[in-house]
Amino acid sequence: MHNKTMTQLAHGLRSGEFSSVELTQAFLDRIKQHQELNAYITVNEDLALQEACAADIRLANGNPELLTGIPIAQKDIFCTEGVKTTCGSRMLDNFIAPYNATVVEKFNQAGAVMLGKLNMDEFAMGSSNETSHYGAVKNPWDTNTVPGGSSGGSAAAVAARLAIGATGTDTGGSIRQPAALCGITGLKPTYGRVSRYGMIAYASSLDQGGPMTRGAEDAAIMLQTMAGFDEKDSTSVDLPVPDYRAGLNNSLAGLKIGLPKEFFGEGLNSDVAVTLETAVNEYRKLGAEIREISMPNLNLAIPAYYVVAPAECSANLSRFDGVRYGYRCENPVDLTDLYTRSRGEGFGKEVKRRILMGTYALSAGYYDAYYIKAQKIRRLISEDFKNALAQVDVIMGPVTPTTAFGIGEKIGNPIEMYLSDIYTIAINLAGVPAMSIPAGFAQGKPVGLQIIGNYFAEDRLLNIAHQYQQVADWHLHIPKGFE
Amino acid sequence: MSLTTDEVKKIAHLARLGIDEQDVESYARDLSGMLDLMARMSELNTEGVDPMAHPMDQVQRLRADVVTEQDNREKFQAIAPQVEAGLYLVPKVIE
Amino acid sequence: MEWETVIGLEIHTQLATKSKIFSGASTAYGAAPNTQACAVDLGLPGVLPVLNEEAVHKAVIFGMAIEAEISHYSVFARKNYFYPDLPKGYQISQMELPIVGPGHLDIEVDGVSKRIGITRAHLEEDAGKSLHEDFHGLTGVDLNRAGTPLLEIVSEPHMRSAKEAVAYMRKLHELVRYLDICDGNMQEGSFRCDANVSVRPKGQKEFGTRAEIKNINSFKFVEKAINHEIERQIELIETGGKVVQETRLYDSVKDETRSMRSKEEANDYRYFPDPDLLPVFISEDYKQQVKAQLPELPQAKKYRFNEQYALDDENANILTSSRQLADYFETVLKESGCEAKLCANWITGELSAALNKARLEIMESPVSHERLAGLLARISDNTISGKIAKQVFEEMWRSPATADEIIAERGLKQITDTGAIEAIIDKIIADNPGQVEQYRSGKDKVFGFFVGQVMKEMQGKANPGEVNKMLQAKLKQ
């Protein structure tokens, strides 16, 4: 059952082949068997089975939706009422969310079953899942390597068949990079497409939730539920949500693909480059035109991002002060002590680094040199995308410079870790949608192909991914030991 | 550009962030590294470029002035570290 | 040395909306602690702000009323600092692009008019309240007020005395209530004032170093606090000291200002645009619409009352001090058909005194405009005298009866039958030969005695004018 697609499972549930309770139990068993991956922070068996039971009743009594009874898991950044929501941090180790994120609410409405809450880098800050208070997640393809981050638990769980699909969030590549390193499909929608209400903020102008699944069709199904206008989010876009599955089988003949030369230069591992070339060739066979393009300001995306994201995070994380919820230090002697120790003991090193960086960049005397400068560069990068997407339909490139690196390999060197996000970060600065799809293997480890589209062109991206997955089967490969 | 340990302590205080004394040095080093990375931004002339605060080219949507929220104090204070008589308690604030 | 004082005021007005500026929680005053603090107000992880349209509307009304520039685009920014009554660790405010730009307000001090510049007015969220009474040595935090919409109105440093500052504050207070954007309740903190005060040698161009006096919440205290601060600064400089830029708190009990130690360290608020909110757009159409719906402003109304109703400055000032009072006056005037002066005198006199005594607002007056109009009409048509009218009014204050009902029930109708009055006058003259003698020998004062006797005899129901006339004639015989 665990290797089926969502459509197949929906069919099985309706034909009586299996019940949602059976399906859910099967996944709960697998989660227990594979605890060594450390993909989940919280597994709520009772709740999952209750939801499965309710789904079975709904399936029997009418008007089920496609996701009714299908077990998925939530990144632990989404608030889930009555269920611990940690954001991968000691700060929220005791935090039982008193409300549901809009995304969670939407999955509940659809009747999906929530298996549990997935591990992640602390407050989504990290590219390896090693900053989690709950320990590193292991990559099912090679348990000595990282699954990527920050949605590392989501990617590992989907790759290891510990959930059919999972939610992720992407601020600088946090859906696409782990999807690439774990050989699954991940979609970061256009900024504003998916509500951020109840999704614990890292960098508000960059954060966006999206689906992480094995194949593009499942991603379309999940996005269908996640996307849409939310009056509780001022940055949510009031545009109709198209039927994401309707165009999956559209032909790619005449599709114009741009390959930015800046994406294929120095720094890209040659085996990864060769794998990507093969994948792009496959698109040529599907009728696409390939052309080289240039996006001259991409090389400044990392510096700009590491001003904007920490600046926003430094304010976003001020609310964690030990007063109303979350971690509070023992016996504070005064107010300043309460703040400094609660925050000092509750946050990990990477989070502190970014809060410090952001505080510095916004402080008097530095604001113009850092924050304003970064925003100007953000504008130029965004123009690069607009210009490129005026010439071509989509942009393709790598997601990561290398395949999954070793656990412990980069965590001691934050700058090197930041530089590994070189191909994903610019997309968030511009706000455009992008996907990572499995495109083959290099040295036995998965390689992701990135497809970047125009604002609100998620349907087109899914179509392009799906067509590839009709002729290539990389997304069907199963890591050894997780068959 | 490099940050001194004193500067790190100053920023940490501004952010009310406790840092172990033995870690100050390493934060200073990491932050200096980040600043070096950012220094690359100055390579590009951005004169006349309009800063972009947000990827959305839209204006703020307004909410009707209607009370929609009910009293949820009990639920919210169930997760609070210290409350009494409906109040959140903190160490004495001196004005 | 002669010193000149320079004062600028920052006034925080709570906008009278039903719900908060960024959430759907109620803004009603006085609820049990934290029962009106919703997820957004508490700054729970993951929550987001959505702007209340009425807060924007009220800010624009204010801007139009002070003839200010309204920004087509205004931006919300985060002001970062840690304080227990500030749940998110930042206040959502406006920094670089406030919704209301430069405008002005005219004040009058000792008959001299002066224009005070208003630099800007921006929208922001109010903080909660820290309660310092003892919770085992801890402070309690109530976040009901957190997120209440505020319009912070910042003046230019145009005021030169505490008196001017108070005049400006009063004028602004009157205006926001007129515009119905703030209830103006100072006890409940709906209208709060911070004053920036500095002194400089007369003739010097540069400003002196200023001190900010926080949260002065009555007109009386503003004047005292500023005057005290001026004295303190002058004394400090004259004894060789230096004024430091700092925040000071006014202690109304000790009548002094003192430095706020907790905010002593230099603040670095690290303002930046709030990425959870987008720019607020105000169209030209919207502005024009608001302008067209603007009520008549106090100044204009006062001039109109002067002109149209020939009221003196004092009456016009009192009657236009609130929109409700002015409306009450105009309604009574219309309904009674009496002279404006009579209506004005009654409202600023008898009615206002009664309201003050009972601590009631005009809207709460037990004597409605219809009933007062009914009473005044009876004065006007000579049914009763002004004196009797006061008795009738007292009765109306206590009962729901109309003036006519009270007059009829108690037989207070003025006697205009000259025969009846004449008979009584004759009787009084006959009974008091001594007084008659005195009067006739030139003691004019005795005349009052006769009037009093007649009125007493007639239980006040005679028309005083008629009595006067007839008495004079009779006494001269």
Side-chain angles (χ1 to χ4, degrees), chain A residues 94-96 98 191-192 205-206 231 234-235 237-238 297 299-300 302-304 306-307 314 318 321-326 328 332-341 343-345 347 349 352-353 355-357 359-360 363 370 372-380 382 414-415 418 429-431, chain B residues 3 7-8 10-20 23 26-58 60-63 72 74-83 88-94:
Chain A
N94 61 1
F95 181 66
I96 312 290
Y191 184 89
S205 79
L206 301 159
E231 59 179 21
S234 296
T235 63
V237 179
D238 196 359
N297 298 303
N299 66 328
L300 289 176
I302 289 189
Y306 278 100
V307 172
S314 72
S318 291
D321 58 5
V323 175
R324 296 164 317 285
Y325 48 80
R328 179 182 214 156
V333 297
D334 60 22
L335 195 59
T336 306
D337 189 44
L338 168 74
Y339 289 147
T340 28
R341 275 206 292 129
R343 292 165 59 75
E345 293 162 18
F347 292 138
K349 206 162 181 194
K352 286 190 203 170
R353 211 177 269 134
I355 291 175
L356 291 173
M357 188 65 246
T359 305
Y360 181 75
S363 63
Y370 292 107
I372 294 295
K373 181 80 181 178
Q375 292 211 327
K376 289 180 168 190
I377 289 173
R378 184 173 192 180
R379 170 84 57 200
L380 294 175
S382 173
I415 307 291
Y418 301 162
L429 290 171
Chain B
L3 275 186
E7 281 171 303
V8 170
K10 218 182 92 194
I11 307 164
H13 178 67
L14 207 50
R16 299 295 186 274
L17 206 53
I19 290 179
D20 288 340
D23 291 338
S26 82
Y27 279 112
R29 201 173 47 239
D30 292 344
L31 293 176
S32 300
M34 290 173 85
L35 290 175
D36 287 340
L37 194 66
M38 286 162 202
R40 282 170 39 199
M41 293 195 301
S42 59
E43 292 165 13
L44 191 68
N45 182 0
T46 52
E47 220 180 286
V49 178
D50 190 18
M52 174 173 157
H54 214 272
M56 287 177 91
D57 195 15
Q58 291 195 356
Q60 178 63 34
R61 185 166 38 83
L62 303 176
R63 204 188 86 238
N72 264 318
E74 208 173 314
K75 187 156 112 182
F76 293 145
Q77 295 200 335
I79 52 170
Q82 198 179 2
V83 285
Y88 293 96
L89 296 191
V90 296
K92 193 109 195 137
V93 175
I94 308 145

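Here is the naming used below: chain letters follow the sequence lines, and residue numbers restart at 1 for every chain. Only heavy atoms go into these numbers, but all of them, side chains included; no hydrogens, no water, no symmetry mates.
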S.K.: So, the side chain of B/Arg40 versus the backbone of A/Asn299: is there a donor-acceptor pair under 3.5 Å, distance only?
M.R.: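 At least one qualifying donor-acceptor pair exists.
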
S.K.: I need the A/Tyr418 OH to B/Asp30 CG distance, nearest 0.5 Å.
M.R.: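 Here the interatomic distance stands at 7.0 Å.
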
S.K.: Count the heavy-atom pairs under 4.5 Å between each of A/Glu231, A/Arg341, A/Arg324 and chain B, then report the option with the highest count.
M.R.: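 Highest number of heavy-atom pairs under 4.5 Å: A/Arg324.
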
S.K.: Heavy atoms only: give me the nearest B/Gly18-A/Lys352 pair and the separation to one decimal.
M.R.: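 Heavy atoms of B/Gly18 and A/Lys352 come nearest at O-NZ, 3.3 Å.
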
S.K.: Answer yes or no: is there a donor N or O on one side and an acceptor on the other, between the side chain of A/Arg343 and the main chain of B/Ala15, under 3.5 Å?
M.R.: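 Checked: pair present.
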
S.K.: Just jot down the salt bridge (Lys or Arg N to Asp or Glu O under 4.0 Å) partners of B/Lys75, sequence neighbours excluded, or say none.
M.R.: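 B/Lys75 satisfies salt bridge (Lys or Arg N to Asp or Glu O under 4.0 Å) with A/Glu81 only.
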
S.K.: Do A/Lys373 and B/Met38 come within less than 4.5 Å of each other through their side chains, counting heavy atoms only?
M.R.: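 Answer no - side chains too far apart.
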
S.K.: Can you name the salt bridge (Lys or Arg N to Asp or Glu O under 4.0 Å) partners of A/Arg379, sequence neighbours left out?
M.R.: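 Listed in chain order: B/Asp50.
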
S.K.: When you compare the side chain of A/Leu356 with that of B/Ile19, does any pair of heavy atoms fall below 4.5 Å?
M.R.: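 Yes - at least one pair of side-chain heavy atoms lies under 4.5 Å apart.
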
S.K.: Just how far is it from atom CG of B/Leu89 to atom CZ of A/Arg328, taken to the nearest 0.5 Å?
M.R.: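 It comes to 7.5 Å.
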
S.K.: Is there a side-chain contact between B/Val8 and A/Tyr360, using heavy atoms and a 4.5 Å cut-off?
M.R.: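 Result no, sub-4.5 Å side-chain heavy-atom pair not found.
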
S.K.: Tell me the closest heavy-atom pair linking A/Val323 and B/Tyr88, and the distance in Å.
M.R.: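 Closest approach of A/Val323 to B/Tyr88: O-CD2, 3.6 Å.
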
S.K.: Answer with side chain, backbone, both or neither: which region of B/Leu62 has an atom nearer than 4.5 Å to a non-hydrogen atom of chain A?
M.R.: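 Neither part.
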
S.K.: Do you know which of A/Pro98, A/Ala304, A/Gly322, A/Gly326 has the most heavy-atom pairs with chain B at a distance under 4.5 angstrom?
M.R.: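 Of the candidates given, the most pairs with chain B belong to A/Pro98.
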
S.K.: Should the pair A/Lys349 and B/Tyr27 be classed as cation-pi, given the thresholds of under 6.0 Å to the six-membered ring centre and 45° from the axis?
M.R.: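 So A/Lys349 does make the cation-pi contact.
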
S.K.: Based on non-hydrogen pairs under 4.5 Å, which of B/Gln58, B/His54, B/Lys10, B/Arg61 is most in contact with chain A?
M.R.: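 The candidate making the most pairs under 4.5 Å is B/Arg61.
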
S.K.: So which of B/Leu37, B/Asp23, B/Val83, B/Leu35 has the largest heavy-atom pair count under 4.5 angstrom toward chain A?
M.R.: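 Between B/Leu37, B/Asp23, B/Val83, B/Leu35, the count favours B/Leu35.
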
S.K.: Taking atom OG of A/Ser234 and atom CE of B/Met56, what is their separation to the nearest 0.5 Å?
M.R.: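 Output value for this atom pair is 9.5 Å.
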
S.K.: Could you have a look at B/Asn72, B/Leu31, B/Asp36 and say which one has the most heavy-atom pairs with chain A under 4.5 angstrom?
M.R.: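 Going by pairs under 4.5 Å, I would pick B/Leu31.
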
S.K.: Are side-chain heavy atoms of B/Leu17 and A/Thr340 found at a separation under 4.5 Å?
M.R.: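 No - every pair of side-chain heavy atoms lies 4.5 Å or more apart.
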
S.K.: Any heavy-atom pair between the side chains of A/Ser382 and B/Pro55 that's under 4.5 Å?
M.R.: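 A side-chain contact under 4.5 Å is absent here.
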
S.K.: Measure the spacing between OH of A/Tyr325 and CD of B/Gln77 and express it to the nearest 0.5 Å.
M.R.: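 Spacing of OH (A/Tyr325) from CD (B/Gln77) equals 13.5 Å.
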
S.K.: Looking at chain B, which one of A/Val237, A/Leu429, A/Ile372 has the largest number of heavy-atom pairs inside 4.5 Å, strictly under?
M.R.: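 Top option by heavy-atom pairs under 4.5 Å: A/Val237.
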
S.K.: Calculate, to the nearest 0.5 Å, the distance between atoms NZ and CE belonging to A/Lys376 and B/Met52 respectively.
M.R.: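 Spacing of NZ (A/Lys376) from CE (B/Met52) equals 15.0 Å.
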
S.K.: With chain A, which of B/Ala12, B/Gly33, B/Ser26, B/Ala53 has the greatest number of heavy-atom pairs at distances under 4.5 Å?
M.R.: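 The candidate making the most pairs under 4.5 Å is B/Ala53.
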
S.K.: Roughly how far apart are A/Leu300 CG and B/Thr46 OG1, rounded to 0.5 Å?
M.R.: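 One finds 10.0 Å between CG of A/Leu300 and OG1 of B/Thr46.
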
